[in-house]
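Given the structure is predicted, the values throughout are model-derived calculations rather than measurements. For reference, positions follow the sequence shown, starting with 1.
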Amino acid sequence: MRGWLKLTIGLGVLAGLLVGADRVAVGVAEDEAADRLVSSGRLSTRPSVSIDGFPFLTQAVSGEFDGVRLSAADVQVSDGRQQVAVHGFTARLSGVTVGGSYRSATVRSATGSGKISYPDAAKLVQGADRLAFSYGGPGKVKASLAGISIGEGNVHSEGNTVVADGFQLTVLASALNGKVKDLLAPRSFTLTNLPAGLSLAGVTPEQDGLLLDFRGSDVRLIG
């Protein structure tokens, strides 16, 4: 009995050491991945990286990871002219394969989301400098001029382009001259450097901004 007890205790200690080593290794890998995402230009801000699955070391040896989660308070996107922040960016990467001594990484599929504030979205809309945008209800944005609401339009995405169109003028705006109608022509902006190599899959107006949904398949994440 005493021998079995010693063996059991020894195995328990060994298991604890292996688990501890595994957790240390995954922490180092997560830090390294965060640095490489920034240096590769895939993210403008160093993210928090969480590698799923246990044990980590067996995944590291195979070079294939079941899932990786990314998050960052703010990341920068651009239309090629103006940069704005996407707030609360998160992404879930599935089927991550690394190679070349971890100098490259591809992702089988990915989803993500983040939000652009209405003032920042207005910066991306060319020709609408005098307009302010806000939430106009499900699927809609409200356009205002000098603090006065002049119309509501629908918001949707076409590829990596966010489009606002189908504006309906308010009664007050309808009574004004045609220049107001010109301001409410279809408006759009195209994002050229979405985070983590993802593509825009949809846009939803919310109270505090435009919620962007991202998707990707066979994405080259690093390298």
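Rounded to the nearest 0.5 angstrom, Leu198 CG and Leu200 CG are separated by 10.0 Å. Taking CG from Leu43 and CZ from Arg36, the interatomic distance works out to 15.0 Å, rounded to the nearest 0.5 Å. Interatomic distance, Leu212 CG to Leu191 CG, rounded to the nearest 0.5 Å: 6.5 Å. Separating the CZ atom in Arg220 from the OG atom in Ser40 is a distance of 11.0 Å, to the nearest 0.5 Å. The structure places CG of Leu93 at 8.0 Å from OG1 of Thr111, a figure rounded to the nearest 0.5 Å. In this structure, CZ in Arg42 is found 9.5 Å from CD1 in Ile222, a value given to the nearest 0.5 Å.
With a 4.5 Å cut-off on side-chain heavy atoms, Leu210 and Asp120 do not count as touching. Between Phe65 and Val98 the shortest side-chain heavy-atom distance falls below 4.5 Å. Looking at Leu37 and Pro47, their side chains come closer than 4.5 Å, going by heavy atoms from C-beta outward. At a threshold of 4.5 Å between non-hydrogen side-chain atoms, the residues Ile150 and Leu169 do not count as touching. Within the 4.5 Å cutoff, the side chain of Thr190 has no heavy atoms near those of the Asp79 side chain.
A distance-only check finds a donor-acceptor pair linking the side chain of Ser44 to the backbone of Gln76 [under 3.5 Å]. Remark: the backbone N or O of Ser149 is paired with a side-chain donor or acceptor of Thr170 at under 3.5 angstrom. Judged by distance alone, with hydrogens and angles left aside, the side-chain atoms of Ser113 form no donor-acceptor pair with the main-chain N or O of Asp213 at under 3.5 Å. Between the side chain of Glu64 and the backbone N or O of Val96, no donor-acceptor pair lies under 3.5 Å. Listed for the Ser78 side chain is a donor-acceptor partner under 3.5 Å among the backbone atoms of Gly80.
At a threshold of 4.5 Å between side-chain heavy atoms, the hydrophobic network of Ile, Leu, Val, Met, Phe, Trp and Tyr places Leu211 and Val125 in two separate groups. Tyr118 and Val203 fall within the same hydrophobic cluster, defined by Ile, Leu, Val, Met, Phe, Trp and Tyr side-chain heavy atoms under 4.5 Å apart, directly or through other members.
With sequence neighbours left out, the side chain to side chain donor-acceptor pair (under 3.5 Å) criterion links Glu206 to Lys115. In terms of the side chain to side chain donor-acceptor pair (under 3.5 Å) criterion, Ser109 has no residue partners (sequence neighbours excluded). Residues forming a side chain to side chain donor-acceptor pair (under 3.5 Å) with Gln126 (at least two apart in sequence, or on another chain): none. Looking at residues two or more places apart in sequence or on another chain, you find a salt bridge (Lys or Arg N to Asp or Glu O under 4.0 Å) between Arg46 and Asp31, Asp35. With sequence neighbours excluded, no residue forms a side chain to side chain donor-acceptor pair (under 3.5 Å) with Asn160.
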request  = Step by step, work out the side-chain contact (heavy atoms from CB on, under 4.5 Å) result for Ser199 and Arg215.
outcome  = CA-CA 5 Å; Ser199 299; Arg215 296 288 185 278; 5.8 Å; no
request  = Apply side chain to side chain donor-acceptor pair (under 3.5 Å) to Asp208 and His87, showing your working.
outcome  = CA-CA 11 Å; Asp208 54 349; His87 304 290; over 6 Å; no
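For the pair Gly139 and Pro205, the tightest heavy-atom approach, listed with the atom from each and the gap, is C-CG, 3.7 Å. Closest approach of Ala122 and Phe133 over heavy atoms only: CB-CD1, 3.8 Å.
Applying the side-chain hydrogen bond (donor to acceptor under 3.5 Å, both in side chains) test to pairs two or more places apart or on separate chains, those with a residue in residues 132-145 are Lys140-Asn154.
In the displayed structure, Gln168 atom CD is contacted under 6.0 Å by at most 12 heavy atoms of other residues, nucleotides or ligands.
A side chain to side chain contact (heavy atoms under 4.5 Å, CB included) with Val75 is found for exactly one of Asn193, Val86, Leu70, namely Val86. Of the options Val49, Asp52, Thr90, a side chain to side chain contact (heavy atoms under 4.5 Å, CB included) to Arg69 is made by Asp52 and by none of the others.
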